[in-house]
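Worksheet for the structure shown next.
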Amino acid sequence: MVRVRIAPSPTGDPHIGTAYMALFNYAYAQKHQGEFIIRIEDTDRTRFRKNAEKELLECLHWLGITWSEGPDKGGPYGPYHQSQRLEIYQKHMDILLQEKKAYRCFCSSQRLEELRKSQMAQKIPPGYDRRCRDLPFEESEKRKQEPHTIRLKVPLTGKISFHDGLRGLIEFDAHGIDDQILMKSDGFPTYHFANVVDDHLMMISHVVRGEEWISSTPKHILLYQAFGWDIPEFTHLPLLRNTDKSKISKRKNPTSISYFKKRGILPEALLNFLALMGWSYGENQEIFSLSEMIKRFDLKDINLGGPIFDLEKLSWVNSQYLKKMSEEELVSKVQQELFSSEYLLQVIHLIRERMEKFEDFIPLTHYFFSGDINYTNVPLKNPDNVKTLKILQDITDILESLESWDEPTLNSSIEGYLTQNQLTRKDVYPLMRFAIMGVPDSPPIFSCLSVLGKEIVKRRIRLAIDFLKKRK
Ligand code: GLU
């Protein structure tokens, strides 16, 4: 029975890379009448973000991907949040400790920091020096109330290998692998430990994930071996890349699924586009539905060349779907996506005082409905381009770090920035209007930002930065 999963960590906006992994896992499960499940890996409490899980599940629903077990529906192998499985990890940890395949490490964080610094100074690869590895078991038991982590006893010599579905045999030298921390001092498991225990207990047959996890896989193999468990089949998919071939990043590309939803990309077109990233339908056919894909899909046909996440290609794919629609369907989609009553109410609220006739509506509000802005003819007093670029970059960083996107939060964070940097509103607000709205005059700026949404605002600032850099 094929059982596959995605195991996202709820740390940020719903990422396009997660949709990509979900699509290939889902297609594989469907092809083999298997199960596709979602597990939330939320043990890293420092990076946890409250709404991230909800937003991701909503986006996957919007895309039309379904799962048979998961945090919102439960299932026979739950709970599906790792934070609710701590007892399970503890129980498994005890087994490894008893069998001396893992050990308690009492080294303080200060000692580890000093060790790291001295290794850096000597230019030797950083890693734990295994001081606690051979502590007598009785002593370790006696001291178990003291703060400690638990580490894996990685063999000192030999090779660790596994078979990757796309790359064949991959081998690592054991001596290059650190004695991994499996359990942190707060009692939470690390990614490696929880991931392996759960994939085993949830009967995952195939682990299909991004290639950034290849270097973690030998650590996982050691854990499977330590427990004496069967090893699932691993397939590491190529990472999505920016047009300059670097790993996809939000600095260079919109990466949130919500952005594409908001920009009027159809879910079926986004899935079709993601499918083309690394797989081809054959017969030069680029437009195909999810069910057509499932019929032909096989993991081994994935192409390892780094797929380029090219927004122009995505627009083209989307346009092919629009062409297939009847005019009635198009009208209803435009109403639904662009002119929903909910969105119109937010926009009307901002401009009603300025509107004298209905015909004023479009000129007053076009930037709420259009895509990227053409800055060529937008007036901007810009005495100092370096300072301007710095302000726009600072604002991007501030907006990026916000936990919520509402007027008071936006207002207080930007006003705080002005005070800290002795800037006036005149230094910054016209610039923000230029970059985000493309007009010198608009309703209150934070109301506009709040209605436009984080993704569009960030993208427009980034494009304005690119434009100003070129104009300099
Ligand atoms: N929690 C990991 C992530 O955020 C899961 C990686 C895996 O699939 O093993 O992507």
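If you're wondering where the values come from, they're calculated on a predicted model, not measured in any experiment. One-based numbering, in listed order, for ligands and for the atoms of each.
By the 30° and 60° cut-offs, the orientation of the rings of F24 relative to Y20 is perpendicular. By the 30° and 60° cut-offs, the orientation of the rings of H236 relative to F234 is parallel.
Not one N or O on the side chain of D179 forms a donor-acceptor pair closer than 3.5 Å with the backbone of R130. Panel note: side chain N303, backbone W279; no donor-acceptor pair is recorded below 3.5 Å.
Summarising the geometry, atom CG belonging to L135 is positioned 12.0 Å from atom CD belonging to E141; distances are rounded to the nearest 0.5 Å.
Other residues, nucleotides and ligands contribute over 12 non-hydrogen atoms within 6.0 Å of the CZ atom of R296.
Sorted by chain and number, the residues within 4.0 Å of ligand 1 by heavy atom are R5, A7, S9, E41, Y191, N195, R209, W213.
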